[in-house]
There are 2 protein chains.
Amino acid sequence: MSERTKIKDIARVAGVSTATVSRALSDSALVTDATREKVRAAANRLNYRLNVRARNLRIQKSMAVLLVVRNMSNPFYLEIFKGVEAVARAAGYVLLMGNTEDDPAREAEYFDMLRDGQADGMILMTGTLPEGHAVLDPASGAPPIVVALEAVDDCGLAHVQIDNCAAAKQAVRHLASLGHRKIAHICGPLPEILSRLRRDGYRKAMAKAGLEIPRNYEPAGDYSIQSGRACCAALFDADNPPTALFAANDEMAFGAIGELRRRGLRVPEDVSVIGFDDLFVSESYSPPLTTISQPRVDIGRTAMTMLLDIIGARQSVPRTIEMQTELIVRQSTGKAPNKLEISAQ
Amino acid sequence: MSERTKIKDIARVAGVSTATVSRALSDSALVTDATREKVRAAANRLNYRLNVRARNLRIQKSMAVLLVVRNMSNPFYLEIFKGVEAVARAAGYVLLMGNTEDDPAREAEYFDMLRDGQADGMILMTGTLPEGHAVLDPASGAPPIVVALEAVDDCGLAHVQIDNCAAAKQAVRHLASLGHRKIAHICGPLPEILSRLRRDGYRKAMAKAGLEIPRNYEPAGDYSIQSGRACCAALFDADNPPTALFAANDEMAFGAIGELRRRGLRVPEDVSVIGFDDLFVSESYSPPLTTISQPRVDIGRTAMTMLLDIIGARQSVPRTIEMQTELIVRQSTGKAPNKLEISAQ
DNA sequence: ACTGGATTTGTAATCGATTGCAAAATTACA
DNA sequence: TGTAATTTTGCAATCGATTACAAATCCAGT
């Protein structure tokens, strides 16, 4: 590769100073149209390309945003990535991926990157914050961070989320409206706020419908297919098996359906199952999964848009934006089995 | 946030020059242990953090690699991301995401970023190259690019891939060994090399098994669930429906299974279906999908490792590494339906 | 004590842009 | 035409590190 042309070369060729070149190329109003053209022509002739590194050093920005997740291979994130990416690139930002694997040390590293200016902002989807990190010092103003998906309590940061509690209620109401009375909930890990919110929604909806929650009706998994299978097995090994399952995410619902099938139970004839998230495969699962859909692309877009606001203003009120969820009724839920039939057996 | 301390501040406090500070902090052998300690102490006291932007400008590196895909929300990429990320971070590189959406202009942009030094290397998974881009000029030596997943012909670049043709053969052999003779193949888009390789494997295996391929037995989809459904419908609307389907990826297999079910055909009793990729849901699909598994995490790791080699050596022989695939037999494939039974109907 | 060679340190240039301030050029107006 | 006001331009500092080269220091051997 031939030597890269720099602003200095253009200056020489165009017969102006480097300052003028810089101004001309950045459309500053401080140059005549004539010189601007002259400089542009020279730049083209020399095949000039801006050195982004140099500029970023000078203007003290990195034009990059960090997207931090706890597990990069969780398919749920995919469309969020897409939404974030679209807005980011439109604004001239590149996307840096961060993957914490739930390791606090790694999480802290990404906060360091933010503090060190390797990124101008961060979209955090891990549900936790590194304790006492300098970036979070309130004295230094609102850090350019948007928390998405998983809420973090009392952190004074901007949030983009869904109303998990309300969505869970809606799921339970759907089952109740089909006549189900024995509805169990496969929770996510309860240390996570997200999981608790969904469970709370389940509890409230059950109370409102006047339904009891037996002690074993809230097994907790870890959002994996395997854990869904295990929780389902536990429920049906006990002596008061439910007729409907509300799983805290689609993967656990898949696991549960697999386990039900293994036991010779039909979905939805014998047991109804509803998930949460609406993964791309849920629609074509068999049976197609009834679930709660989150506007993922939109969540990503919104989060990135908020982040741009914060970066631009450096002084944003910590807002929380709530996105709408939607109940998608497919074929994994159906009428509650007729009590008489069951007792007749 | 208080003013950032720079190397100059440390120099002042430690009573040495900035050059010495730089050397001490980078473990250069050019400083005494005593001064090194002195400098370290001062740096700690002042809470010093290296300005990565400044260093990168000076050393002419960006310590970033670009990971370019054609569609960021394709779940297939997830584990590759993970593998790449693990190796990259271990080597101190950050990951920049690139998403082309099959737009040549966007693809060219990422190549520009590489040329402009915004990234030190690139892992390309799009199956195409922007024509005549400066980075690819052979005169400038081997560019730091590793092509993964999707081959690019005759480009002189390093590749990490699987033997698609052999894997496809293996899939077909599996079906043939179960007694199937009417085996159809749902192809991917044929402009893509990848799709053609898999189809070639299908053809070769069919020939070797002495089986005919009727004209309509190679419908082409676009790797989406919907297209799998459509191709399946076309096959079964015709007058010589197959007893086994080999789909070029799992998603199309899902679509096909959905369509078969809709038509009242059982999998695998009436029709066997085999996919390709082994997505994370395939194992728990119903029926669990027989498929070809690619070592995705490993592909990511290997690609990134190769890229580091190239970046380090600036002079690598363009190698092609072939990763091993594996036939995963689950429950979507079974013995061919008995001919007598069928004709007896 | 002195010389030569090996270590350690410092000075200042450099990476490639942006930008404050001053100087030059242009325009406006009397 | 002369002067003030306004626009354009250029000089040089700056962002914060790294590093070539020179200078200083140290040590060994005579």
Side-chain angles (χ1 to χ4, degrees), chain A residues 1-40 42-43 46-64 92 112-113 115-120, chain B residues 1-40 42-43 46-64 92 112-113 115-120:
Chain A
M1 213 176 302
S2 56
E3 270 312 291
R4 294 210 37 158
T5 51
K6 5 185 191 181
I7 220 174
K8 216 168 173 177
D9 302 320
I10 301 181
R12 188 162 20 75
V13 171
V16 295
S17 71
T18 60
T20 303
V21 174
S22 172
R23 293 188 188 111
L25 294 179
S26 62
D27 278 322
S28 159
L30 289 172
V31 286
T32 334
D33 289 349
T35 42
R36 193 198 320 285
E37 276 320 307
K38 193 168 54 176
V39 170
R40 286 259 177 78
L46 297 179
N47 241 306
Y48 172 75
R49 306 227 89 221
L50 175 68
N51 182 321
V52 181
R53 267 193 244 111
R55 140 185 277 172
N56 284 349
L57 170 60
R58 177 63 226 232
I59 67 177
Q60 306 266 50
K61 296 190 91 188
S62 60
M63 295 309 283
D112 285 345
M113 286 178 62
R115 160 163 75 153
D116 293 349
Q118 288 203 70
D120 296 333
Chain B
M1 210 175 303
S2 56
E3 270 311 291
R4 297 216 27 165
T5 48
K6 9 186 189 181
I7 221 173
K8 216 167 172 178
D9 303 320
I10 302 180
R12 189 163 17 76
V13 170
V16 296
S17 71
T18 60
T20 303
V21 174
S22 172
R23 293 188 188 112
L25 294 179
S26 61
D27 278 324
S28 157
L30 289 171
V31 286
T32 336
D33 290 347
T35 43
R36 193 198 319 286
E37 276 321 308
K38 195 168 53 176
V39 170
R40 287 258 177 78
L46 297 179
N47 241 308
Y48 172 74
R49 306 226 89 223
L50 175 67
N51 182 321
V52 181
R53 268 193 243 109
R55 143 185 276 172
N56 285 349
L57 169 61
R58 177 62 226 230
I59 67 176
Q60 307 266 50
K61 298 190 91 188
S62 59
M63 297 309 283
D112 285 344
M113 287 179 62
R115 161 164 74 154
D116 293 349
Q118 289 202 68
D120 297 333

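Basis for what follows: all heavy atoms, side chains included, without hydrogens, waters or symmetry-related copies. Just so you know, these numbers come straight off a predicted model, no measurement behind them. Protein chains get the first letters and strands the later ones, always in sequence-line order, with residue 1 at the start of each.
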Mind listing the side-chain donor-acceptor pairs of residues 6-16 of chain A below 3.5 Å, one per line with the distance, residues two or more places apart or on another chain?
| from | atom 1 | to | atom 2 | distance (Å) |
| --- | --- | --- | --- | --- |
| A/Asp9 | OD1 | A/Arg12 | NH2 | 2.8 |
| A/Asp9 | OD2 | A/Lys6 | N | 2.7 |

Name the atoms and distances for all side-chain donor-acceptor pairs under 3.5 Å in residues 21-30 of chain A, with sequence neighbours left out.
| from | atom 1 | to | atom 2 | distance (Å) |
| --- | --- | --- | --- | --- |
| A/Ser26 | OG | A/Ser22 | O | 2.9 |
| A/Ser26 | OG | A/Arg23 | O | 3.3 |
| A/Asp27 | OD1 | A/Arg40 | NH2 | 2.8 |
| A/Ser28 | OG | A/Leu30 | N | 2.9 |

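Here the closest heavy-atom approach between residue A/Ser62 and residue A/Ala119 is recorded as OG-CA, 3.2 Å. Scanning both residues, B/Thr35 and B/Thr32, for their nearest heavy atoms gives OG1-O, 3.0 Å. Contact detail for B/Arg49 and B/Arg4: the closest heavy-atom pair is O-NH2, 2.9 Å.
Contact check, B/Thr20 against C/dG10: a side-chain N or O comes under 4.0 Å of OP1 or OP2. One finds no side-chain N or O of B/Arg58 lying less than 4.0 angstrom from the OP1 or OP2 phosphate oxygen of C/dT14.
Within 4.0 Å of B/Leu57, counting heavy atoms only, lies at least one base atom of the nucleic acid.
For residues 9-17 of chain A, proximity to DNA chain C is found at no residue, defined as any non-hydrogen atom under 4.0 angstrom from a strand atom. For the segment residues 28-38 of chain A, the set of residues with a heavy atom within less than 4.0 Å of an atom of DNA chain D comprises A/Ala29, A/Leu30, A/Val31, A/Thr32, A/Thr35, in numerical order.
Here C/dT18 presents its P atom at 5 Å from CZ of A/Arg55, a figure rounded to the nearest Å. Between B/Lys8 atom NZ and C/dT11 atom P the separation is 12 Å, expressed in whole Å. Atom CZ of A/Arg23 is separated from atom P of C/dA17 by 15 Å (rounded to the nearest Å).
Reading DNA chain D from its 5' end, the first and the last nucleotide to sit under 4.0 Å from a heavy atom of chain A are D/dT8 to D/dG16.
To the nearest 0.5 Å, the span separating CG on B/Asn56 from CG on B/Asp120 amounts to 7.5 Å. With values rounded to the nearest 0.5 angstrom, B/Leu50 atom CG is found 5.0 Å from B/Arg55 atom CZ.
Over its length, the helix from C/dA1-D/dT30 to C/dA30-D/dT1 turns its helix axis by 50°, as judged from the five terminal pairs at each end, rounded to 10°.
Both B/Thr18 and B/Gln60 sit near DNA chain C, but only B/Thr18 has its closest nucleotide nearer the 5' end.
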Exercise for review: Begin with the C-alpha distance, continue with both residues' side-chain angles, and end with the deciding distance and a verdict on side-chain contact (heavy atoms from CB on, under 4.5 Å) for B/Arg36 and B/Val39.
Suggested key: CA-CA 5 Å; B/Arg36 193 198 319 286; B/Val39 170; 5.9 Å; no
Point to revise | B/Met63 and B/Val52: CA distance, side-chain angles, deciding distance, side-chain contact (heavy atoms from CB on, under 4.5 Å) verdict | key: CA-CA 9 Å; B/Met63 297 309 283; B/Val52 181; 6.0 Å; no
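The pair A/Asp116-B/Arg53 fails the salt-bridge criterion, with no side-chain N (NZ, NE, NH1 or NH2) lying under 4.0 Å from an Asp/Glu carboxylate O.
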